[in-house]
Protein chains: 2
Amino acid sequence: MEFRAFLTSLGTSFVIFVVLMFLFTWLSRKPANYVVYYPNRILKGLDPFEGSKRTRNPFAWIREALSSTEADVIRISVLGILVLSGLVLLPVLLPVAATDHSLHLTVNETSQGTFNDLDKLSMGHVGANSPRLWAFVTATYLASIVAYCLLWKAYNHVSDLRAAALESPEVKAEQFAIVVRDIPRPPEGQTRKEQVDSYFKAIYPETFYRSMVVTNNKKVNKIYEELEGYKKKLARAEAIFAESKKNGNPEGTRPTNRIGFLGLIGKKVDSIEYYNEKINELIPKLEAEQKVTLREKQQPSALVFFTSRVTAASASQSLHAQMVNTWTVLDAPEPRQLIWTNLPKKYYEREIRQYFVYIIVFLTIFFYMIPIGFISAFTTLENLKKLLPFTKPIVKQKVVSTVLEAYLPQLALIIFLALLPKFLLFLSKTEGIPSESHVTRAASGKYFYFTVLNVFIGVTVGSSLFGTFKQIEKDPNSIVPLLATSLPKSATFFLTFVALKFFVGYGLELSQIVPLIIYHLKKKYLCKTEAEVKEAWAPGDLGYATRFPNDMLIVTLVFCYSVIAPIIIPFGVVYFGLGWLVLRNQVLKVYVPSFESYGRMWPHIFIRIMSALLLYQVTMLGFLGVKKFPYTVLLIPLPIISIIFCVVCDKKFYRSFQSTALEVACKELKEVPNMESVFRSFIPPSLSAEKSDDDQFEDALSQVSRTGSTL
Amino acid sequence: MEFRAFLTSLGTSFVIFVVLMFLFTWLSRKPANYVVYYPNRILKGLDPFEGSKRTRNPFAWIREALSSTEADVIRISVLGILVLSGLVLLPVLLPVAATDHSLHLTVNETSQGTFNDLDKLSMGHVGANSPRLWAFVTATYLASIVAYCLLWKAYNHVSDLRAAALESPEVKAEQFAIVVRDIPRPPEGQTRKEQVDSYFKAIYPETFYRSMVVTNNKKVNKIYEELEGYKKKLARAEAIFAESKKNGNPEGTRPTNRIGFLGLIGKKVDSIEYYNEKINELIPKLEAEQKVTLREKQQPSALVFFTSRVTAASASQSLHAQMVNTWTVLDAPEPRQLIWTNLPKKYYEREIRQYFVYIIVFLTIFFYMIPIGFISAFTTLENLKKLLPFTKPIVKQKVVSTVLEAYLPQLALIIFLALLPKFLLFLSKTEGIPSESHVTRAASGKYFYFTVLNVFIGVTVGSSLFGTFKQIEKDPNSIVPLLATSLPKSATFFLTFVALKFFVGYGLELSQIVPLIIYHLKKKYLCKTEAEVKEAWAPGDLGYATRFPNDMLIVTLVFCYSVIAPIIIPFGVVYFGLGWLVLRNQVLKVYVPSFESYGRMWPHIFIRIMSALLLYQVTMLGFLGVKKFPYTVLLIPLPIISIIFCVVCDKKFYRSFQSTALEVACKELKEVPNMESVFRSFIPPSLSAEKSDDDQFEDALSQVSRTGSTL
């Protein structure tokens with residue numbers, strides 16, 4: 001029964017995958033869909049179809065390697081671990097487990113029929129204290145050693161890539177700047193700008209270039225957005241007008257709109273005139289507000305620019321003030337990553353926010369556990385029939401019941417997980433983190449704990465606790481053997497889960513069905529101007545915040561089951577192999593990364609892979625212990641080795657991922673950096689001059705930012 | 001009985017103190033003893049007796065404040081905490097405890113006579129769930145708040161002092177240098193010197209001055225010491241010869257010695273000739289060895305000098321290499337503090353040594369606990385009589401028994417503790433720490449854990465466990481109330497301990513009896529030359545490694561008993577008050593600090609005072625809980641507040657104690673630093689040129705150290 005459900009699930013997933021692949025092949029060849037399937041290439045000005053040829057020339061290969069570096073390295077190394085472990089574990093462990101008949105009798109006595117064909121291949125099928133368990137102990141060691149070697153290689157590789165990216169001779173604005181926060185109150189008679197300039201000029205007399213005081217841009221941003229909104233609307237109205245000229249009367253129909261609530265009520269006006277009027281009204285307002293902002297809304301935070309990469313890198317690592325919580329510095333992220341509103345948040349406020357967010361995350365993780373436990377326990381078919389008797393007639397039908405049994409729990413889980421990332425990103429931003437990539441890292445960390453705790457541990461423990469609650473009530477000591485038997489049982493669930501993830505998930509990813517439909521709907525009914533069409537197909541980011549934790553969940557699952565039920569390894573291999581291929585394609589053709597973090601994600605990934613490994617080793621210890629295998633003690637050194645390995649890697653590499661090593665920063669540049677453009681790249685769009693010939697505006701900006709050079 | 005023992009101990013201690021004071025007053029006025037009582041002043045070229053007048057002029061006061069800063073601030077703030085707490089706690093808690101008669105009856109039933117006059121003043125005397133316990137809850141809060149305020153003030157003060165010392169316009173060699181360790185193998189065709197120079201020149205093209213590669217000086221040091229030894233012996237022989245001329249025949253007797261084992265066997269030779277010959281033999285040998293050392297015994301470590309304080313401070317805080325475990329840097333300690341042999345130890349070797357040492361320390365702390373527990377349990381008089389019946393006739397005598405009872409346990413403990421510091425210093429040095437002051441800090445940390453765990457917890461728990469072992473055997477749950485009753489009982493022991501510490505300890509300290517006797521013996525029988533006499537009275541260091549932990553032990557004791565038995569507070573006040581006076585005197589007149597750590601000890605002291613406070617708060621929680629006082633829950637926030645306070649202080653101050661803040665380092669200097677002398681001050685004596693006009697030698701040195709300036 002269970003085995004059939006598993007096969008059905010697998011089959012259905014595969015059918016969906018094949019259908020999606022077919023759709024992809026068919027749809028991606030239609031020129032109208034190029035913008036959805038090759039937006040990255042189009043934005044780069046490349047011909048979408050030449051891509052396949054270009055990949056072969058060496059230049060494209062490097063570009064590839066650099067643009068998808070992190071995701072690639074992770075997938076490749078996990079893939080390596082799984083393939084190498086699989087090569088050893090599968091041919092040995094499967095026969096060892098399958099040919100053991102010692103447990104069959106005892107199992108049939110206690111719980112009839114729970115062991116199915118699939119479970120025969122797992123360790124649950126091997127009898128207690130059987131010499132066959134030696135194979136599993138050895139396998140645990142082998143898998144761990146493979147993991148150590150490949151992770152070490154991967155860490156080295158990512159470290160090299162990071163160094164190569166940081167020492168590149170291109171001038172990158174963020175390498176010449178630092179972010180300064182927690183600036184104390186300026187002394188009497190000094191503006192904040194003067195205070196910052198004199199402070200850093202004293203410390204770096206030769207390499208200090210200029211500073212940019214952070215301002216409160218709330219109001220100016222609002223006006224700017226309003227202005228941009230009217231500009232878009234004007235362009236749209238003009239497009240409609242132009243179209244109406246073509247499609248009917250040569251004079252055209254001038255579009256109109258109502259100026260009341262949501263354009264539904266109020267006076268009817270000529271749109272083009274009205275928007276032009278509004279724009280002309282807002283431009284001087286924006287300029288006035290820009291001046292006020294730059295002059296009066298300065299915040300206790302600043303960006304400081306240096307003429308040398310080494311000084312900037314060194315400054316971002318040094319303590320500047322005797323009071324540690326003032327004049328705190330950090331290396332500037334890319335301009336597009338800066339979260340301007342988080343910069344002026346004070347030191348202790350950030351600390352308090354952080355702990356507050358941790359508490360909320362903790363509560364979220366903890367309270368989500370209950371519903372997930374319930375879901376996984378309820379959605380077995382037997383429970384459904386028992387608890388909701390009115391579903392019996394539907395569920396009794398063979399097809400419905402099989403599909404339901406196969407998919408219900410997994411679907412519930414996947415939908416459940418889709419709700420969370422936005423919330424976690426919001427929480428991480430609330431902590432006061434000043435850069436988008438750091439927020440993403442923080443959110444992905446939270447998401448990882450969530451998935452591992454809730455999905456892996458929640459489902460495993462939840463299902464076993466629920467199904468056998470009464471047995472535990474009778475004999476509380478039976479919980480340990482129950483857990484040990486429930487681990488192999490949950491294997492089926494997770495196999496289906498992984499299969500669903502890669503067949504349906506990657507199928508949807510590659511075929512881009514959802515964005516395609518949305519794009520075509522928008523294009524047909526909403527978009528009037530070129531800009532609007534472009535916005536409709538604009539590719540998003542890879543979505544690191546959820547992609548990495550999901551991958552890590554799969555790593556954890558596959559690790560933990562790799563010896564208990566080695567059949568999971570090929571599934572893991574397919575997940576990461578297919579994932580690698582699909583994402584390589586997507587990164588090259590579809591997604592445009594919204595920021596570059598120079599491999600800073602890797603140490604987090606590493607720690608998570610290591611904790612998955614540790615969890616796996618501890619699980620094995622407990623599992624073999626339950627099997628009453630006396631040589632289980634031989635596994636005790638393994639978690640200790642893991643921790644030592646982790647510490648060694650951390651000591652050897654981690655700090656170079658936190659800050660830029662000076663030997664890297666001191667490499668020569670291609671050209672003398674144009675400091676003016678470095679400086680300008682950090683000015684937020686709402687504050688930068690609209691027309692560069694506007695002298696008055698230039699003055700207002702330089703009043704704030706130029707004094708540094710005349711001091 | 002017990003109370004009489006306590007009074008006897010107190011009285012005896014006091015008598016010893018008075019005798020020592022009398023000796024001090026008498027002996028320190030004898031001009032022959034000036035060198036023992038005023039060595040610091042004599043070395044500074046001051047008249048010993050003008051000291052008392054000079055202290056009043058402002059210059060001397062500043063000098064005082066700076067020279068004894070750390071020890072002072074700690075004593076003053078602990079004194080402040082104790083005096084302020086004492087002013088509140090003593091007048092309230094003593095009467096509250098003393099006038100409660102509720103417990104008398106129950107106690108007399110269970111264990112007769114254990115409650116004596118002293119214990120009446122303690123919290124043990126207050127009945128269970130008595131409303132009087134409110135006073136103790138409030139007192140705990142009061143004492144904690146006083147501690148927070150004064151510690152905050154002290155931290156601020158020490159931070160200011162550190163900044164003032166670091167930003168002083170005097171040129172200090174160590175502020176222009178950094179220590180570089182873990183230098184990788186130099187590339188083919190490059191010497192280590194060239195490697196280091198080119199590496200740092202690339203990163204700091206403007207401010208790099210020179211580098212000094214660390215060498216293996218084992219052999220050259222040996223030759224140097226041999227040479228210095230012969231020089232001393234020659235001076236001694238010449239002095240004997242000169243003396244013999246005066247005291248008898250005008251030609252004098254030329255001293256002779258034997259050249260065999262220990263000067264006892266072998267050929268008899270003329271000493272002056274022999275030593276001269278040896279010296280003439282060794283000088284070229286030393287010079288040759290110096291050259292070989294500088295050229296061929298270079299180690300993977302170096303000192304790098306910069307022409308700017310800011311660059312040195314910033315460099316010591318920055319990551320230099322992409323591989324974090326290579327090119328590790330730290331700020332240079334004072335030249336005299338550098339532990340040259342620890343510099344070339346490799347990164348992971350240091351890590352392994354560290355953990356290894358931690359394990360040894362852990363074992364030491366753990367296994368010392370057993371003997372100390374035994375000692376404190378055995379050395380009550382009853383136990384002595386019971387276990388060693390043959391001592392009965394001696395012990396029966398009134399005087400002997402009283403003295404024995406009063407002193408035995410305390411003396412055993414103090415002797416015991418005196419054995420440890422050297423061992424801990426050795427262990428800390430083995431860790432691979434590169435500076436003496438850091439070694440001292442590390443050793444004092446270990447000593448603190450040792451004293452608190454063994455003396456405080458060991459004695460308290462040990463005595464109660466031993467005395468009532470059988471009772472626990474009958475009813476294991478009785479251990480909690482037993483502990484609660486044993487805490488006040490141990491109060492007497494600790495009162496005596498503190499009193500002994502300050503009366504006898506400070507008496508010995510001030511009177512310098514032991515050094516005085518040693519000095520006079522040496523002068524009479526051993527010293528022949530001026531240099532030897534000077535060596536005999538040369539003052540030592542303050543001995544931070546044991547002094548601070550001992551003070552911290554007293555802080556822990558006084559804190560923990562301050563509410564339980566507030567009578568301990570005046571003892572604590574006397575300990576720190578007297579200690580402050582005595583040490584102020586000793587620092588000004590006797591000791592010569594062997595290094596300056598710029599207040600780096602303070603954060604460690606702070607953490608230890610805080611952990612004493614935390615231990616105290618937790619003890620109070622447990623103690624009031626045992627008294628079945630329902631409002632004990634009101635104390636739960638207190639440990640949490642302590643931890644928050646600790647974290648806040650840590651965030652606000654700690655990093656500025658680890659490294660030099662750049663705003664401090666950028667202060668202007670009095671003069672342009674003479675980089676040559678800065679560089680020379682770090683050359684170990686065994687490698688520096690004996691005669692500055694020796695050109696050949698200059699060449700050998702510059703071959704290694706000068707190339708930097710010609711590169």
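Below, all heavy atoms of this structure are taken into account, side chains as well, without hydrogens, waters or symmetry copies. All chains are named by letter (A, B, ...) in the order of the sequence lines, taking the proteins before the strands, and each is independently numbered beginning at 1.
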Considering only heavy atoms, which portion of [X] lies under 4.5 Å from any heavy atom of chain A: side chain, backbone, both, or neither?
X        : result
B:Tyr199 : side chain
B:Glu206 : side chain
B:Thr311 : neither

From B:Cys666 atom SG to A:Lys201 atom NZ, the distance as rounded to the nearest 0.5 Å
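It comes to 13.0 Å.
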Interface residues of residues 637-648 of chain B facing chain A - non-hydrogen atoms under 4.5 Å apart:
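Those residues of residues 637-648 of chain B which have a heavy atom under 4.5 Å from chain A are B:Val648.
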Applying a heavy-atom distance below 4.5 Å, give me the residues of residues 180-192 of chain B that approach chain A, sorted by number.
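When heavy atoms of chain A are the reference, residues 180-192 of chain B contributes no residue within the under-4.5 Å range.
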Is atom NZ of B:Lys153 surrounded by more than 12 heavy atoms (other residues, nucleotides or ligands) closer than 6.0 Å?
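Atom NZ in B:Lys153 is not crowded, with 12 or fewer foreign heavy atoms closer than 6.0 Å.
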Taking every non-hydrogen pair under 4.5 Å, which of A:Ser308, A:Ala202, A:Ala321 racks up the most with chain B?
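Counting heavy-atom pairs under 4.5 Å, the top option is A:Ala321.
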Out of the candidates A:Asn325, A:Leu319, A:Thr328, only one should pair with B:Arg655 under the side chain to side chain contact (heavy atoms under 4.5 Å, CB included) rule; please name it.
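For B:Arg655, the side chain to side chain contact (heavy atoms under 4.5 Å, CB included) check succeeds only for A:Leu319.
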Just to be sure I understand the criterion: a residue of residues 346-356 of chain A counts if one of its heavy atoms is under 4.5 Å from a heavy atom of chain B. Which ones qualify?
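The list, in residue order, reads A:Tyr347, A:Tyr348, A:Glu351.
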Minimum-distance pair of heavy atoms, taken over all atoms of [X] and [Y]:
X        : Y        : value
B:Met323 : A:Ser159 : CE-OG, 3.6 Å
A:Gln322 : B:Val664 : OE1-CG2, 3.7 Å
A:Val324 : B:Ser656 : CG2-N, 3.5 Å

Go through the structure and list residues passing salt bridge (Lys or Arg N to Asp or Glu O under 4.0 Å) with A:Glu671, not counting sequence neighbours.
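So A:Glu671 forms no salt bridge (Lys or Arg N to Asp or Glu O under 4.0 Å) with any residue.
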